[in-house]
Amino acid sequence: MVTSSSSSSLGSTLVLCLIVSSLMTPSTSNPLSQVCIKSKNPRFCLQVFGLNPHRSPYELTQEAIDLALKNASETTKKIHTFLDQTKNDNKKVIYYLCLNYYQSANDVLREAEEYYLKEGPYSNINAAGKLVQEASFHCENEFQKIVGYVDVSTLTKDNENLGIFGSIIVAAADLLSNSTSAKK
Ligand SMILES: *[C@@H]1O[C@H](CO)[C@@H](O)[C@H](O)[C@H]1NC(C)=O
Ligand SMILES: *[C@@H]1O[C@H](CO)[C@@H](O)[C@H](O)[C@H]1NC(C)=O
């Protein structure tokens with residue numbers, strides 16, 4: 001008999017095995033592991049992509065942008081909610097600044113999807129990924145910036161997730177540029 005606690009540890013062992021075997025697959029035949037291993041958090045990367053290695057660098061890049069856009073828009077909603085709820089003026093300032101950072105992340109991601117993914121240059125997608133990482137870093141930093149006011153960030157997890165998505169986009173766009181120039 002399998003108890004519920006041992007079945008859940010069996011489940012996570014299975015996930016780990018899938019991750020390890022996916023990372024060990026020869027990397028040239030597995031763009032997914034090539035991208036994820038270069039991201040800031042390979043485990044997170046493999047989990048959000050769903051462990052299906054049969055995707056081209058182009059598909060991976062497109063999917064990474066989509067996932068980042070969805071994530072950023074969820075966080076934007078969350079910031080609006082926090083903004084409505086707080087009466088603290090310092091916090092309001094932080095939330096407005098974070099909204100700006102998330103808006104700029106959203107803008108470059110849309111641009112990457114609508115223009116650069118279709119027409120190139122793919123290096124602009126790489127740049128978009130870097131900007132997304134910076135946006136998440138700056139938002140997180142705002143919580144420490146106001147003089148005489150130290151606050152625990154309410155967006156740490158969100159900023160961390162956006163930062164990882166940014167690093168996935170950088171890695172995917174990098175692989176995409178490389179695979180395209182190799183064909184020429
Ligand atoms: C962003 O994506 C991650 C990974 O899929 C998920 O755990 C997290 O809840 C998402 N964040 C939001 C705000 O939707
Ligand atoms: C793409 O090529 C550059 C230059 O050769 C290299 O530094 C980089 O690691 C490659 N990226 C990937 C994802 O293979």
Side-chain angles (χ1 to χ4, degrees), residues 8-9 11-23 30-86 91-92 94-113 117 125-126 128-144 151-176:
S8 81
S9 78
S12 55
T13 306
L14 186 67
V15 170
L16 260 180
C17 288
L18 285 170
I19 290 170
V20 169
S21 66
S22 162
L23 288 176
N30 188 345
L32 175 63
S33 66
Q34 247 180 316
V35 167
C36 286
I37 202 107
K38 290 208 166 155
S39 74
K40 252 164 65 182
N41 186 335
R43 186 186 171 130
F44 174 100
C45 176
L46 288 169
Q47 274 170 347
V48 296
F49 276 127
L51 298 171
N52 168 16
H54 306 290
R55 278 174 289 193
S56 67
Y58 184 92
E59 288 166 328
L60 286 169
T61 307
Q62 188 169 40
E63 228 175 302
I65 295 172
D66 274 344
L67 289 168
L69 273 169
K70 282 201 192 94
N71 223 249
S73 105
E74 282 307 308
T75 301
T76 300
K77 279 187 217 156
K78 200 165 161 178
I79 301 174
H80 278 294
T81 309
F82 287 157
L83 196 52
D84 286 345
Q85 286 168 354
T86 189
K91 263 193 178 158
K92 281 189 197 211
I94 296 172
Y95 289 138
Y96 278 121
L97 289 167
C98 281
L99 279 178
N100 278 340
Y101 291 127
Y102 272 77
Q103 186 60 51
S104 67
N106 182 75
D107 291 348
V108 292
L109 287 170
R110 293 235 172 269
E111 207 174 42
E113 186 163 59
L117 202 53
I125 303 177
N126 186 301
K130 284 185 182 142
L131 201 143
V132 166
Q133 281 180 279
E134 278 163 24
S136 75
F137 175 81
H138 287 312
C139 167
E140 189 60 26
N141 252 15
E142 291 304 336
F143 286 87
Q144 271 87 50
D151 200 5
V152 176
S153 169
T154 47
L155 295 169
T156 303
K157 197 75 208 161
D158 295 83
N159 289 328
E160 210 176 283
N161 286 342
L162 190 67
I164 301 169
F165 276 119
S167 78
I168 296 174
I169 292 169
V170 169
D174 210 15
L175 185 65
L176 181 59

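Whatever order the structure lists them in is the order used to number ligands and atoms, beginning at 1. All residue numbers refer to positions in the sequence shown, counting from 1. Here the structure is a predicted model, which is why all the values come from computation and not from measurement.
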Residues with a heavy atom under 4.0 Å from ligand 1, by chain and number, are Phe44, Val48, Asn71, Glu74, Thr75, Asp158, Asn161, Phe165

Could you pull out all residues at least two apart from Phe82 that satisfy ring pair (Phe, Tyr, Trp, His ring centres under 6.0 Å)?
Tyr95

Could you tell me the separation between the SG atom of Cys36 and the CG atom of Leu32, rounded to the nearest 0.5 Å?
4.5 Å

Is the Tyr101 to Tyr96 ring centre distance short of 6.0 Å?
no

For residues 106-113, run the donor-acceptor check on the side chains, cut-off 3.5 Å, and write out each pair with its distance to 0.1 Å, sequence neighbours left out.
unit_1	atom_1	unit_2	atom_2	d
Asp107	OD1	Gln103	NE2	3.0

Would you compute the distance between atom CD1 of Ile164 and atom SG of Cys45 and round it to the nearest 0.5 angstrom?
9.5 Å

Going by ring pair (Phe, Tyr, Trp, His ring centres under 6.0 Å), name the residues that satisfy it together with Tyr102, two or more places apart in sequence or in a different chain.
none

